[in-house]
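Quick caveat: nothing in here was measured; it's all calculated off a predicted structure.
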Amino acid sequence: MRALVSVILPVHNAEPWLDECLGSVLQQDFEGSMELSVFNDASKDRSMAIIEKWKVKLEGSGILVVVGGHNSPSPRGVGYSKNQAIAQSSGSYLCFLDSDDVMMPQRVRLQLEAAIGHPASIIGCQVRREPPNSTERYTRWINQLASDQLLTQVFTSNGPTVIMPTWFCSRAWFSHVGPFDEGGQGVPEDLLFFYNHLRKGGGVVRVDQCLLLYRYHHGAATHSVLETTLWTHRVRFLEERALPHWATFTIWNAGKQGRRLYRSLTAGARRKVVAFCDVDENKIKKGFYCYEDSQERPKPQVPILHFRVARPPFVICVKLDLTGGAFEDNLRSLHLQEGRDFLHFS
């Protein structure tokens, strides 16, 4: 029989966390048909023994467990494992779970309700970070984005505005967008899928309850993705999705990050930059930024202005929450609309 919901669980050397993770599947208060689809990606620890133990418990409670995997010398990566777990599953809806995380009992029930009402959306949720103080700014961002910001803040360094371990969507929509990139270690498969999802008109919805314990540790796969890789994908997506709608724009931050963004743009996008803006009088006194490495002659010189005399729209390269509220106050004083007049790239 087809399940209504399949929990998708890729596993690679997850022995320290699997008992708690699999126990949270058993504790779901969802009363419909549910299965767990596990794909073991060449684990070399006791992960498979733990999975087999829990398979008996879960199936005894009416939850079908499908287990696949391989024993090659090296893992194939998270994207491959997720695709395999989905291919062997049967559910009409997919609930993604990382092997080091823990679901709250109401997760499947509440996210399914949201997914039924939003069939072309990725459904996320609020999270509790473990350890609690490990990524305080990031956790605030995950949990406190307003509903419209789930679409306007998709260019920031934080990645998808609903994080991958909280994703829930229909199988039909996943098939329309996916599969995940299978490039392996170092490939941000969740970010690439999220961008494709947005390209195809998908929505983003967050259930505003904490439905996942989201664990932070140095062995997490996300740490294998280089910042420069993420930067390149983000710049290209900004150029594809936002910049075509603007004839000109201003980069808010005449410092290191703002100049880096300018240099990373294609020549056509760089020509749309009419100014940098800042509050630093020393930067403003310089008058302009000269792009010394440009092949153009004469080399481009971009004015540096005080933010109050600069013209929107802005691409903002200022980290939020790091100026004691001063930047946020300056931005609010201009009475701009996020998405139309400015976008965050910080």
So, do [X] and [Y] sit near enough that their side-chain heavy atoms are less than 4.5 Å apart?
{"X": "P300", "Y": "R270", "result": "no"}
{"X": "W173", "Y": "P119", "result": "no"}
{"X": "W54", "Y": "L18", "result": "no"}
{"X": "I316", "Y": "L331", "result": "yes"}
{"X": "C125", "Y": "L110", "result": "no"}
{"X": "L334", "Y": "R308", "result": "yes"}
{"X": "E240", "Y": "Y195", "result": "no"}
{"X": "I123", "Y": "V162", "result": "no"}

- Task: Evaluate the criterion side chain to side chain contact (heavy atoms under 4.5 Å, CB included) for residue pair S157 and E227; output intermediate values, then yes/no.
- Result: CA-CA 9 Å; S157 59; E227 187 275 338; over 6 Å; no

Tell me whether [X] contacts the main-chain N or O of [Y] through its side chain, where contact means a donor paired with an acceptor under 3.5 Å.
{"X": "Q27", "Y": "P105", "answer": "no"}
{"X": "E35", "Y": "S90", "answer": "yes"}
{"X": "S33", "Y": "A3", "answer": "no"}
{"X": "E15", "Y": "R46", "answer": "yes"}
{"X": "E239", "Y": "T266", "answer": "yes"}
{"X": "R107", "Y": "L212", "answer": "no"}

Euclidean distance, [Y] [atom2] relative to [X] [atom1], rounded to 0.5 Å:
{"X": "S134", "Y": "R129", "atom1": "OG", "atom2": "CZ", "answer": "5.0 Å"}
{"X": "I50", "Y": "L22", "atom1": "CD1", "atom2": "CG", "answer": "8.0 Å"}
{"X": "I122", "Y": "H197", "atom1": "CD1", "atom2": "NE2", "answer": "4.0 Å"}
{"X": "T139", "Y": "Q144", "atom1": "OG1", "atom2": "CD", "answer": "10.0 Å"}
{"X": "S47", "Y": "H12", "atom1": "OG", "atom2": "NE2", "answer": "8.5 Å"}

Heavy-atom pair of closest approach, residues [X] and [Y]:
{"X": "P188", "Y": "L230", "answer": "CB-CD2, 3.7 Å"}
{"X": "I63", "Y": "V25", "answer": "CD1-O, 3.9 Å"}
{"X": "S89", "Y": "S6", "answer": "CB-OG, 3.6 Å"}
{"X": "P165", "Y": "Y214", "answer": "CG-CE1, 3.7 Å"}
{"X": "S61", "Y": "L26", "answer": "OG-CD1, 3.3 Å"}
{"X": "V302", "Y": "A275", "answer": "CG1-CA, 3.6 Å"}

Would a hydrophobic clustering, with Ile, Leu, Val, Met, Phe, Trp and Tyr connected at side-chain separations under 4.5 Å, put [X] with [Y]?
{"X": "Y216", "Y": "V225", "answer": "no"}
{"X": "L305", "Y": "V279", "answer": "no"}
{"X": "M34", "Y": "L4", "answer": "yes"}
{"X": "L213", "Y": "V127", "answer": "no"}
{"X": "V274", "Y": "W246", "answer": "no"}

- Query: After noting the C-alpha distance and the side-chain angles of Q126 and I142, does the key distance pass the side chain to side chain contact (heavy atoms under 4.5 Å, CB included) rule?
  - Reply: CA-CA 7 Å; Q126 293 178 332; I142 293 169; over 6 Å; no

When the side chains of residues 174-187 are checked against the rest of the protein, which donor-acceptor pairs come out under 3.5 Å, sequence neighbours left out?
unit_1	atom_1	unit_2	atom_2	d
S175	OG	R171	O	3.0
D181	OD1	G183	N	2.7
E182	OE2	N83	ND2	2.8

Partner residues of [X] under the side chain to side chain donor-acceptor pair (under 3.5 Å) criterion, sequence neighbours left out:
{"X": "E292", "result": "K299"}
{"X": "N196", "result": "R199"}
{"X": "T166", "result": "none"}

- Each residue besides L64 in its hydrophobic cluster should be listed here, by chain and number; the cluster joins Ile, Leu, Val, Met, Phe, Trp and Tyr at side-chain heavy-atom distances under 4.5 Å. V66

- Item | Connected-component partners of W17 among ILVMFWY, side-chain separation under 4.5 Å | none

- Is the cationic atom of R259 (NZ for Lys, CZ for Arg) positioned less than 6.0 Å from the six-membered ring centroid of F276 and within 45 degrees of its normal?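 No, a cation-pi geometry is absent between R259 and F276.
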
- So which pairs with a foot in residues 104-157 pass ring-ring contact (aromatic ring centres under 6.0 Å, His included), sequence neighbours left out?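 Counting only pairs at least two positions apart or across chains, the ring-ring contact (aromatic ring centres under 6.0 Å, His included) contacts touching residues 104-157 are F155-F237.
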
- Query: Please, which pairs that meet ring-ring contact (aromatic ring centres under 6.0 Å, His included) have at least one residue in residues 304-330, sequence neighbours excluded?
  - Reply: W252-F307, W252-F314, W252-F327

- Query: Above 12 or not: heavy atoms from other molecules or residues under 6.0 Å from CD of E31?
  - Reply: no

- Tell me, yes or no, whether the heavy-atom count around R311 atom CZ, taken from other residues, nucleotides or ligands under 6.0 Å, exceeds 12.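 No, the 6.0 Å shell around CZ holds no more than 12 heavy atoms from other groups.
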
- Please name all residues satisfying salt bridge (Lys or Arg N to Asp or Glu O under 4.0 Å) with E136, sequence neighbours left out, ordered by chain then number. none

- Message: Less than 3.5 Å apart, any donor N or O on the side chain of R206 or T161 sitting next to an acceptor on the other?
- Response: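 There is no such pair (donor and acceptor under 3.5 Å, judged by atom type) between the side chains of R206 and T161.
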
Would you list the atom pairs, donor with acceptor, under 3.5 Å between side chains in residues 91-104 and any protein atom, with sequence neighbours excluded?
unit_1	atom_1	unit_2	atom_2	d
D100	OD2	H217	NE2	2.6
D101	OD1	R215	N	2.9

- Message: For F345 and V235: C-alpha separation, side-chain torsions, deciding distance, then whether side chain to side chain contact (heavy atoms under 4.5 Å, CB included) applies.
- Response: CA-CA 9 Å; F345 194 77; V235 172; 3.6 Å; yes

Identify all side-chain donor-acceptor contacts of residues 281-289 below 3.5 Å with residues at least two apart in sequence or on another chain.
unit_1	atom_1	unit_2	atom_2	d
K283	NZ	D280	OD2	3.2
Y289	OH	R263	NH1	3.4

Donor-acceptor list for residues 36-44 side chains, cut-off 3.5 Å, not counting sequence neighbours:
unit_1	atom_1	unit_2	atom_2	d
S37	OG	A85	O	2.6
S37	OG	Q88	NE2	3.0
N40	OD1	S43	N	3.4
N40	OD1	S43	OG	2.6
D41	OD1	H70	NE2	2.6
D41	OD1	R76	N	2.8
D41	OD2	R76	N	3.2
D41	OD2	G77	N	2.9
D41	OD2	S81	OG	3.3
S43	OG	N13	N	2.8
K44	NZ	A42	O	3.0
K44	NZ	S72	O	3.0

- Message: Assess whether a salt bridge exists between E59 and K55, defined as any Lys/Arg side-chain N lying under 4.0 Å from an Asp/Glu carboxylate O.
- Response: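 Here E59 pairs with K55 in a salt bridge, since their nearest N and O are under 4.0 Å apart.
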
- Query: Are V78 and D190 close enough, and set up right, to give a side chain to side chain contact (heavy atoms under 4.5 Å, CB included), and what steps lead you there?
  - Reply: CA-CA 9 Å; V78 180; D190 55 342; over 6 Å; no

